[in-house]
Amino acid sequence: MIPMVDLTAQYDDGLRAEIERGWSEALDQTRFIMGPNVEALESEIADYLGVRHAISCASGTDALELALVAAGVGPGDEVITSPFTFIATAEAICHVGATPVFVDIDPVTFNIDLALAEAAITPRTRAILPVHLFGQPIDATACQALSCHHGLMMIEDCAQSFGARWQGGQTGSFGIAGCFSFFPSKNLGGYGDGGLISTNCPDHAERLRMLRNHGSRERYYHDLLGYNSRLDEIQAIVLRAKLRRIDGYNAGRQAVAAAYADGLGGLPGITVPSVIDGAEHVYHQYTVLIDPAVAGCDRDAVMRALAAAGSASAVYYPVPLHQQTVFAGSHGTQRLPVTETAAAQCLSLPMYPELPQADQQRVIAAVRDCLR
Ligand SMILES: *Cc1c(COP(=O)(O)O)cnc(C)c1O
């Protein structure tokens, strides 16, 4: 079976030996939480992203929540965000007591439509929280300009976009904060949970360093109401080894995407990802739309055909956030047509840097066979 992701394929080029060496040293040193590898990882990621500060934490979800708290977002505030994302984006907004305001997405990028975001601004809006979904950056210059013009903070959800660039700048370097996830299947993934916040603002960085560690600067002196949200050495060792290889991994994803586009682009009823001018897409997911009226078959038929050909496929995401039960009371009657169509038609194909060419062709052939 061709899986969506195969993490064992990365062990081949010495990665596993490098990690095992690092882990063995960590076992001797026993500084398991926020030790030397965590410190080194933070400065290496800050360099990579071209930002002044990188503060690690326990997950991407925590990165979002900590960034919101550090920015002073709380009860009574509204945060404009995407309905077409993983639940964590909106969960974080709710956990700090603020209200997520969902605006419809752009049909090409799946990222929020900035004209609709602007129209949704009210006197209560404090922040805009775009998601660089599937690894395609939003137009970050336009988003910055919008935030600046209306006095909003821009907080980027970069959980799927490590290494993606907008006009040469890394995602996570445009807003007051960029929130990353190191969940194993993400572009830069650990072997457990982990996250990180990037920022150029020294005050924000200082608050984040305190917040992730029980609100303290000095042990047993607590100035803020904080959290236990720290990264451990075991993860930092994995992440440092993979960070050295991240551009190669992302290039591998781009090559798979190019093969898919070659094999599937232009066929009736299927829309393959297109990259907007100025963006570098890192294909956390390769997500197509299947329009049943034109394709002659629906998404489920394509999924069945892929399964019969020995390939996985997945739907990210089947239910938009404004229609999730948890939000039904507050957003149940809202209509977001582009998002709802995307949720009904989207299909993600197997995607990882080492996906063999023969498997790519098997996926392409199975999808082609379904379409008219
Ligand atoms: C994975 C993900 C998160 C949450 O990250 P965790 O590390 O799993 O907590 C948040 N937002 C998006 C868009 C994600 O894909």
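Predicted model only: the values in this text are computed from it and were never measured. Every number for a ligand or one of its atoms is a count from 1 in the order of the listing.
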Between Arg31 and Glu233, is the salt bridge (charged side-chain N to carboxylate O under 4.0 Å, His left out) condition met? List the steps. CA-CA 7 Å; Arg31 282 187 58 196; Glu233 287 290 288; over 6 Å; no

What protein heavy atom sits nearest [atom], and how far away is it?
{"atom": "atom 15 (O) of ligand 1", "value": "Gln160 NE2, 2.8 Å"}
{"atom": "atom 1 (C) of ligand 1", "value": "Lys186 NZ, 1.5 Å"}
{"atom": "atom 4 (C) of ligand 1", "value": "Thr61 OG1, 3.6 Å"}
{"atom": "atom 12 (C) of ligand 1", "value": "Ala159 CB, 3.4 Å"}

[X]/[Y] ion pair, N-O < 4.0 Å:
{"X": "Arg335", "Y": "Glu340", "answer": "yes"}
{"X": "Asp77", "Y": "Arg124", "answer": "no"}
{"X": "Glu18", "Y": "Arg244", "answer": "yes"}
{"X": "Glu78", "Y": "Arg126", "answer": "no"}

Q.
Below 3.5 Å, N or O to N or O, backbone or side chain included: is there any such pair between Asp193 and ligand 1?
A. no

Is there a nitrogen or oxygen of Gly60 sitting under 3.5 Å from a nitrogen or oxygen of ligand 1?
yes

*Before giving the answer on salt bridge (charged side-chain N to carboxylate O under 4.0 Å, His left out), spell out for Glu25 and Arg21 the whole-Å C-alpha distance, their side-chain angles and the decisive distance to 0.1 Å.*
CA-CA 6 Å; Glu25 280 168 27; Arg21 224 167 23 248; 5.8 Å; no

Checking heavy atoms under 4.0 Å, the part of Asp157 that sits near ligand 1 is side chain

